[in-house]
**Q** 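Structure in structure tokens, see below.
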Amino acid sequence: MEQFSVIRRRSALADLRDAGWLRHIDWQPEVDSTNNLAKQWYLANPSEVPALFVADQQTAGRGRSGNQWWSPSGCLMMSLVIPLTELPTELSIHPQLSLVSGVAVARAVDTLLGVENASHSEFYSQLKWPNDVYVGGKKVAGILIEAVQSRSQATGFAIGIGINAQINWPDAPVQLLEKATCLSSMAGRPIYCEEVLLEVVENLQAQLADWRADADCWMNEWRECCLLTDRVVHVRSAESGEVIGLCQGIDSQGRLRLRTESHTFSLNACEIVSWS
Ligand code: BTN
């Protein structure tokens with residue numbers, strides 16, 4: 001690693017330690033998946049959380065719905081593992097962690113792109129349900145939440161986040177070129193993983209604290225950022241099969257609202273196949 005990279009990394013790690021929230025931080029050159037490390041850590045060290053795992057590369061990065069996550073250097077790949085005490089006490093709303101995390105990452109992206117206060121910027125980030133972060137119509141970040149199970153009960157959650165900070169696009173699989181972007185391309189300046197990491201951790205910590213104090217704190221912001229509202233979307237779900245409908249945003253539980261010719265309903269778990 002070149003000298004400036006070493007300094008940048010040391011400085012970021014020192015800032016995270018000084019902030020005092022994380023009980024353990026581990027940055028590895030290569031792992032299979034940071035979510036695996038995070039979950040294994042929690043099971044072996046249940047009192048040493050929140051803990052943060054970062055990797056320069058992943059050999060088996062996972063996305064939602066069983067997808068792979070292309071994991072080159074220049075993509076920030078991190079997993080934060082948190083105990084239930086970081087979440088609101090009401091267990092029934094814990095599935096909303098997925099959307100709450102999306103708001104935190106979207107805020108971080110807006111800060112990094114310098115658009116937090118611009119209400120109609122084309123670089124304003126948007127959330128594709130449940131938590132993909134888009135900028136300028138292309139995906140810049142994805143989030144995979146996995147429960148840490150002990151004796152078949154969730155004792156905590158791993159929040160796995162992949163954010164394209166600075167990607168060397170000629171290396172990318174061709175199918176990503178049309179659909180994905182990175183922060184440095186949007187900002188027109190180098191944006192390093194360390195800078196992104198600090199912003200994301202700070203926003204996640206703040207968002208979780210706000211959520212514990214007010215269970216609905218994230219909803220207005222999520223709705224304002226919704227990429228799919230008023231668009232025609234094609235979804236696939238185990239409950240309803242293939243459905244095409246007009247997206248009405250989210251309901252009070254964070255489920256996707258769809259209107260078809262015959263009725264309006266909410267979907268808990270579904271894959272967004274396409275939208276227009
Ligand atoms: C998605 O968009 O489908 C979610 C992608 C989540 C990718 C991140 S990279 C860090 C963490 N480790 C993984 O294996 N996946 C998540």
Side-chain angles (χ1 to χ4, degrees), residues 22 24-43 49-82 95 97-106 108-109 125-135 137-148 156-167 172-173 175-183 193-194 196-201 203-204 222 225-228 235-237 256 269-275:
L22 300 171
H24 178 78
I25 305 171
D26 184 8
W27 195 320
Q28 294 285 333
E30 185 176 290
V31 300
D32 55 358
S33 155
T34 53
N35 265 28
N36 290 350
L37 281 194
K39 291 194 288 181
Q40 286 154 11
W41 172 266
Y42 191 3
L43 290 172
V49 285
L52 176 68
F53 295 84
V54 191
D56 290 323
Q57 299 198 17
Q58 295 183 126
T59 54
R62 289 196 293 281
R64 283 195 321 279
S65 314
N67 293 329
Q68 287 182 346
W69 181 258
W70 183 57
S71 304
S73 66
C75 174
L76 171 68
M77 291 159 297
M78 56 166 280
S79 298
L80 175 73
V81 63
I82 51 170
L97 175 61
S98 169
L99 290 93
V100 172
S101 305
V103 170
V105 174
V109 165
S125 62
Q126 292 188 294
L127 287 162
K128 192 193 102 198
W129 190 88
N131 56 20
D132 287 342
V133 181
Y134 276 64
V135 178
K138 291 185 170 189
K139 182 163 168 173
V140 75
I143 304 174
L144 174 68
I145 308 280
E146 293 182 316
V148 184
F157 290 93
I159 306 171
I161 303 173
I163 305 187
N164 295 330
Q166 194 152 239
I167 299 296
Q175 68 274 18
L176 284 189
L177 294 177
E178 272 185 15
K179 295 193 258 177
T181 187
C182 67
L183 294 174
C193 289
E194 289 81 357
V196 182
L197 177 66
L198 293 178
E199 205 56 59
V200 169
V201 171
N203 275 284
L204 275 171
W222 202 100
C225 295
C226 181
L227 173 73
L228 300 177
V235 305
R236 184 176 294 140
S237 83
L256 189 72
C270 67
E271 187 191 342
I272 312 289
V273 181
S274 63
W275 65 94

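Worth saying up front: this structure is predicted, and the values here are computed from it rather than measured. Note that ligands are numbered from 1 as they come in the structure, with each ligand's atoms numbered from 1 the same way.
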**Q** Determine whether Val196 and Met78 make a side-chain contact, defined as any pair of heavy atoms from C-beta on separated by less than 4.5 Å.
**A**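 Counting from C-beta outward, Val196 and Met78 never come under 4.5 Å.
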**Q** Yes or no: does Asn67 have any heavy atom under 4.0 Å from an atom of ligand 1?
**A**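 So Asn67 does not count as touching ligand 1.
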**Q** Regarding atom 8 (C) of ligand 1: of the candidates Gly162, Pro130, Ala60, which has the closest heavy atom?
**A**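 Looking at heavy atoms only, the winner is Gly162.
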**Q** Counting distance only, does the side-chain N/O of Ser65 pair as donor-acceptor with the main-chain N or O of Asn67 below 3.5 Å?
**A** no
**Q** Would you confirm whether Gln126, through its side chain, and Gly137, through its main-chain N or O, come within 3.5 Å as a donor-acceptor pair?
**A** no
**Q** Under 4.0 Å from any heavy atom of Gly61, which atoms of ligand 1 are there?
**A** 14 (O)
**Q** Tell me if a side-chain donor or acceptor on Asn164 pairs with a main-chain N or O of Thr181 at a distance below 3.5 Å.
**A**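 The answer is yes, because a donor-acceptor pair under 3.5 Å joins these two groups.
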**Q** Among all protein heavy atoms in this structure, tell me which lies nearest to atom 11 (C) of ligand 1, with the distance rounded to 0.1 Å.
**A** Thr34 OG1, 3.3 Å
**Q** Give the residue and atom name of whichever protein heavy atom lies nearest to atom 4 (C) of ligand 1, and the separation in Å to one decimal.
**A**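 Here the nearest protein heavy atom works out to Ile143 N, 3.5 Å.
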**Q** Of all the non-hydrogen atoms in the protein, which one sits nearest to atom 2 (O) of ligand 1, and at what distance?
**A**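 Here the closest protein heavy atom is Lys139 NZ, 2.6 Å.
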**Q** Quick test: of every protein heavy atom, which one is nearest to atom 5 (C) of ligand 1, and how far off is it to 0.1 Å?
**A**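 Here the closest protein heavy atom is Trp69 CE3, 3.4 Å.
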**Q** Pick one of side chain, backbone, both or neither for how Asn36 approaches ligand 1, counting any non-hydrogen atom pair under 4.0 Å.
**A**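 For Asn36, no heavy atom sits under 4.0 Å from ligand 1.
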**Q** May I ask you to list the atoms of ligand 1 that are less than 4.0 angstrom from any heavy atom of Asp132?
**A**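 Those qualifying, in numeric order: 2 (O).
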**Q** Give the atom numbers and elements of ligand 1 that come within less than 4.0 Å of a heavy atom of Gly63.
**A** 1 (C), 3 (O), 4 (C), 5 (C)
**Q** With no hydrogens and no angle check, just 3.5 Å: does a side-chain donor-acceptor pair link Ser79 and Asn35?
**A**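 There is such a pair (donor and acceptor under 3.5 Å, judged by atom type) between the side chains of Ser79 and Asn35.
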**Q** Using a strict cut-off of 4.0 Å, indicate which atoms of ligand 1 neighbour a heavy atom of Ser33.
**A** 12 (N), 13 (C), 14 (O)
**Q** I want to know if ligand 1 touches Gln58 in the polar sense, i.e. an N/O pair below 3.5 angstrom.
**A** yes
**Q** I'd like to check Lys179 versus Lys139 (side-chain heavy atoms, cut-off strictly below 4.5 Å). Are they in contact?
**A** no
**Q** To the nearest 0.1 Å, how far is atom 3 (O) of ligand 1 from its closest protein heavy atom, and which atom is that?
**A**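 Atom 3 (O) of ligand 1 sits closest to the protein heavy atom Arg64 N, 2.7 Å.
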**Q** Considering heavy atoms of the protein only, find what lies nearest to atom 6 (C) of ligand 1 and give residue, atom and distance to 0.1 Å.
**A**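 Its nearest protein heavy-atom neighbour is Arg62 O, 3.5 Å.
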**Q** Just say parallel, tilted or perpendicular for the rings of Tyr134 and Trp275, cut-offs at 30° and 60°.
**A**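 Ring orientation, 0 to 90° scale: perpendicular.
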**Q** Should Ile167 and Trp70 count as side-chain neighbours, where that means a heavy-atom distance under 4.5 Å?
**A**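 Yes, side chains in contact.
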**Q** With no hydrogens and no angle check, is any side-chain donor or acceptor of Ser237 less than 3.5 Å from a backbone partner on Cys270?
**A** no
